[in-house]
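Atoms considered below: every heavy atom in the structure, side chains included; atoms not considered: hydrogens, waters and symmetry mates. By convention in this document, chain letters (A, B, ...) are assigned in the order of the sequence lines, proteins followed by strands, and residues within each chain are numbered from 1.
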Number of protein chains: 4
Amino acid sequence: MRTLKLGMVGGGNGAFFGAAHRAAAAMTGRFSMVAGALSSDPVRARESGHDLGLAPERCYDDFETMAKREATDGGIDLVAVVTPNHLHAPACHAFLDAGVNILCDKPLTATLDEALALRTAAADSASLFGVAYTNAGFDMVREARAMVAAGEIGTVRVVRVVFPQEWLATAAEATGNKQAEWRTDPARSGAGSLGDIGTHAFHLAEFITGLSATALSAEVDTFVTGRRVDDNVTAKLRFDGGAKGLLWASQVAIGETNGLRIDVHGDKGSLGWTVEAANQLAFAPLGGRRMVIDRASHGTAFKGTMPPGHPQGFIEALARLYLDMADQIDARRDGRAPAADALLLPGIRDGVRGLRFVDAALRSGAEDGRWTDI
Amino acid sequence: MRTLKLGMVGGGNGAFFGAAHRAAAAMTGRFSMVAGALSSDPVRARESGHDLGLAPERCYDDFETMAKREATDGGIDLVAVVTPNHLHAPACHAFLDAGVNILCDKPLTATLDEALALRTAAADSASLFGVAYTNAGFDMVREARAMVAAGEIGTVRVVRVVFPQEWLATAAEATGNKQAEWRTDPARSGAGSLGDIGTHAFHLAEFITGLSATALSAEVDTFVTGRRVDDNVTAKLRFDGGAKGLLWASQVAIGETNGLRIDVHGDKGSLGWTVEAANQLAFAPLGGRRMVIDRASHGTAFKGTMPPGHPQGFIEALARLYLDMADQIDARRDGRAPAADALLLPGIRDGVRGLRFVDAALRSGAEDGRWTDI
Amino acid sequence: MRTLKLGMVGGGNGAFFGAAHRAAAAMTGRFSMVAGALSSDPVRARESGHDLGLAPERCYDDFETMAKREATDGGIDLVAVVTPNHLHAPACHAFLDAGVNILCDKPLTATLDEALALRTAAADSASLFGVAYTNAGFDMVREARAMVAAGEIGTVRVVRVVFPQEWLATAAEATGNKQAEWRTDPARSGAGSLGDIGTHAFHLAEFITGLSATALSAEVDTFVTGRRVDDNVTAKLRFDGGAKGLLWASQVAIGETNGLRIDVHGDKGSLGWTVEAANQLAFAPLGGRRMVIDRASHGTAFKGTMPPGHPQGFIEALARLYLDMADQIDARRDGRAPAADALLLPGIRDGVRGLRFVDAALRSGAEDGRWTDI
Amino acid sequence: MRTLKLGMVGGGNGAFFGAAHRAAAAMTGRFSMVAGALSSDPVRARESGHDLGLAPERCYDDFETMAKREATDGGIDLVAVVTPNHLHAPACHAFLDAGVNILCDKPLTATLDEALALRTAAADSASLFGVAYTNAGFDMVREARAMVAAGEIGTVRVVRVVFPQEWLATAAEATGNKQAEWRTDPARSGAGSLGDIGTHAFHLAEFITGLSATALSAEVDTFVTGRRVDDNVTAKLRFDGGAKGLLWASQVAIGETNGLRIDVHGDKGSLGWTVEAANQLAFAPLGGRRMVIDRASHGTAFKGTMPPGHPQGFIEALARLYLDMADQIDARRDGRAPAADALLLPGIRDGVRGLRFVDAALRSGAEDGRWTDI
């Protein structure tokens, strides 16, 4: 296997998620980071590149230049876009135009219009496009999806997904917290809890069930005084096929560090998963007993590389997405179909779905919870 | 303390909840069961009374006769009404008219109109009136209520309450299951999951928070073909003071035996409780650590009679309600105020709230989830 | 069914375990308490009897008199002995001599010699004899025993049982805590953690596995300065059939209210149970998935009287032992065999086993952990 | 920061732990793998090297040659030794002689004699020496150690550590399982469950408490017929300072994938941790409430690189050890003291302790559990 060359937009010194992406890419053993436009501040961009051992000539001041220069023989095989949300669209357009493969952080863009334009551009581009819904990289999330697809819980009736966090329970954005600042600034984030974690919850629901949510009725709130974006959303969902759902995303839920949890109930059984116990999957068949399915254990389809009991963490999940992308890149080069697993990498359609969810929720919330098509 | 004389309407041989009530009353040491109209079938009523050791002259064929006869010196101090829902109203009216104290099973009645009429009658009567929302008897539910009242979680922002069960995931009512038969018969039950478990969830939310839900937006479904009542409800709630809520009640949730769970998030902390771990209460203060508060342990207000670690079960919780009623009866007789704890016994107002919830949910569901006042 | 007449020795006002026994007996609906020698202090004995509504002539100053008077037509059917440990033996002898059925609290006696003498007396007596190892009354403990007996985990290899508590982590006996005073007084308790909770752990191990422990190697410690009995015991166990075990009993384990837990590993599967989640049983079959078996749920043998999801608590478990005794009493009177379940009531053999365990542990501990026959 | 050059002995294609080491080293961003003697089979060694992209001239047939060649300017900065146990000693000697820094898998060696000889050689060598007790890399294990050191649980009284696994519950070594084959072959593994997982448990106990175990009394069993090494060990421990302990290591515990768990009870509080919920730490202070401390959350000392709620998995923990080693290497080069955290990397002393534990357990087991000095 040839080592693939990775570039990065955003993710300079101090940006935690860029570091997570680099660690994830590195641990796959498939990528070597060689280029970056690591900050919109050119000085910081160069310092960050130096600290990461990039060649000076591949530390770019801006992503436009980077896209042009790297779109050549010997250029990067993949760019990871890990900027604040409002820069996803222009950065992705630049690399789509250049024909460079992209793994973009979620939400895909800050607005639905941007997402739709990006989808159009992607359709015209030779680039592969992945969206980093990290939870799709956990073995037990894929196991859950496979079990639903195999009919182990029958026809889905009810989907319940919650994503509570506590980190914005007070006005952290007013105290110099940089993450809080841009994520609560509508110009940079697009939306608040809806975009940051609501899209994760929504994607997980569609990813595991294989269903599309067709409409929602949402209540969108801002509990912290002075905050400019939503920080709590409660919604009812309708899915194709008649399933019903509940979604809760909150950044003011004290005691919850990152409590993403989903329960899917069908007419033959149910499944439950939470990132807090990411290596287990709860399963209950009709007329049977409640079970805990351990990662990589008896009868699981997704075994990863480690034996059961060795817990898979956040970076491993993200690394799974990089492995999927590596396989897609290799497959295209080799003229073969990618492995079926590699196609589980969320793509631009999933990114657009996220923005459709955000947009529908904001409209429904503004109209007293009217059922709104997604 | 004088032993109080207990009568029962409903609860004949084979009715599990009648047996639970008798066990709960007995374990308090305050009640002796002496009379009953234990079945609408006179033969079964007499047989059941005989099996329970009642005097033959106090085994009644109907509750009207029982109410008249027992409303005399030497008559019962309390009647427990544990019939199917549609008989709650006439039975309670009979005993209200007779001035006998009542502990009625929930939901208070089959319809909101019946509940309102009963409330009027109760206001004109000398009877004490309790409603058996059993969960209000768990020490840790009372602890949660006291903590909210004491401001330990600040102003409530979000309330999430779910009550999933699996027992009606298939058409159990078509297979000779007597419980399923009457509970899915609208004439006897009033509503399905809404009345049977939705009212529990709704009461718990109001009981712990001390708030009133002012409106809801509900989706009311029947998933099992041929079923005549709802078996799954998802709803958004609005509370006075601005808190928002989510409620889910389902009788088709495979893998869930009785999964009542509530989470209350305020601006200073959060609380979580589930009947599946009824002796623990989760608590997280702002800026602090997540805690597990054990029943009867350090710093708890509600210690019950047993040391920490000795788990309190369903019957003990129900017994707590009987103790509350006993204290109310004694206090009235002695011309003193009841203990503060005894006033936590849910009353007719709470019963009416339950039916308001059911009624609002049915109307909202019929109008595509329109926000509907409760 | 005839109501049985219950007497009690010990358990006067303020003694929590006497109240627990009365509640348990009452909730069965089979017993009516009519007599007692409720305290070794005659004034307190009479006051307690009055408060419980006993007839004055059946409130006895001492158990010797009570045993003689009640051993007549119309006398009690059962006596519950709930005194401090050192009085178990004389009280039980008195009622054995009188031919009255006995349910004695655990440990059976304060010393092994007393236990052996009691066993001899019991063999010569017409009395039925039960020992209140309460955990044997939990449905899921019985379920575990039945599953082992049915071969569901194959041949037992390893048994791990722990019973940590925190209540004696400091010198509570020096601060006026009455429970701590007598339980740490060797003259009244016999031993410390060994007798009080070690016997529970040991009984549970033998009860669930159906095996006998043949030898142990123990380390017996007293961590709290000035304490006169053991407060922490670690031991290895050998069982007949070759299984090995670990036992830990501690009263100085901060954070543990009552953490009794057992795990049994066989060559075909394993089982796990803890009183902290008494309504669930963990089960893992060889080559299968980990399961949670809920009380009264699919495929369980022991269903009790309540549907799944309605948790069984400590009092219900103790009530189960009273029901077993009631059935044994009725069966003897009716000349029939008791129900198989009723024979699960621990008896004098189990009581003696407990004292054998205490005695062997003390000897092993005194001899540097030498393997000592039980 | 200069990228460090990594070599590896063992870990060729198909060896899961070699892949884990490579992923862990890569994700730190500090190491680049450049050389290896990846298999004792030269053909497989070269194929593996090729697949990993190593230069052919740095794919060695044997570790002796590798040690000599790489001990030069431009040679590797660190070698990871991930062979079967019996090859640890000769490989480490070769690199110690060459002055190359070493990170060796655990157990340090197959026998105590080998470990002692290695310790002597290490004392005479310029090499840094780390031992890959992976659990020492989890943030919450380090948090636990820091809390004990800070006196948050006072003087340790009781340590309970268990490490149950199920993977050798049947004779997997007879079915072609390569891992099972060498790990149950005394010539290659040294001991069975004692060396493979007992050493993990023992190290964790000493690491967290900061105490040394002074003696043990062990029962060493082989439950699976035909197995040539131990597969189940139960032991009592004594620690300096008077603490007592229990240890259980088992590879025949059905239902347990990797159930390492430790509980430490002191006179001021207790701590509990399990790798199955590696991102949480249970803490109970005397007279307070039970708490769950989340990784990287309020008041934790060890925050790693990711925010709270993003779970740290097995590879991240191993990566932590590589980061520690990188900092030690850099610090030595720069003539500064390593960061305090970096010194938490287990070293050769810890490796020797592991073999002392194995040796003492085998001797105690052979002498009927006699207390044996460690």
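Note: A:Trp248 CH2 to B:Asp263 CG = 6.5 Å, rounded to the nearest 0.5 Å. Taken from CG in B:Asp267 to CD1 in A:Ile254, the straight-line distance is 6.5 Å, to the nearest 0.5 Å. We find the OG-CD distance between B:Ser217 and A:Glu219 to be 8.5 Å, quoted to the nearest 0.5 Å.
A:Arg157 is listed as a side-chain neighbour of B:Val224, based on a closest heavy-atom distance under 4.5 Å. Counting heavy atoms from C-beta outward, A:Glu166 and B:His265 have side chains that stay 4.5 Å or more apart.
Only the backbone of A:Ala235 has a heavy atom closer than 4.5 Å to any heavy atom of chain B. Neither the backbone nor the side chain of B:Arg289 comes within less than 4.5 Å of any heavy atom of chain A. Contacts of A:Leu247 with chain B are made by backbone atoms alone, with heavy-atom separations under 4.5 Å and no side-chain atom involved. Within the 4.5 angstrom heavy-atom criterion, no atom of A:Arg370 approaches chain B. Heavy-atom distances place the side chain of A:Thr170, and not its backbone, under 4.5 Å from chain B.
Across every non-hydrogen atom of B:Ala169 and A:Leu286, the tightest pair is CB-CD1, 4.4 Å. In plain terms, the two heavy atoms of B:Asp368 and A:Trp371 that are nearest each other are O-CD1, 2.8 Å.
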Worked verdict on A:Arg160 versus B:Val162 for side-chain contact (heavy atoms from CB on, under 4.5 Å): CA-CA 10 Å; A:Arg160 185 168 46 125; B:Val162 296; 3.4 Å; yes
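Your options are A:Gly287, A:Gly245, A:Pro285, A:Ala284, and the one with the most heavy-atom pairs under 4.5 Å with chain B is A:Ala284.
For the pair A:Thr234 (side chain) and B:Leu246 (backbone), a donor-acceptor distance under 3.5 Å is absent.
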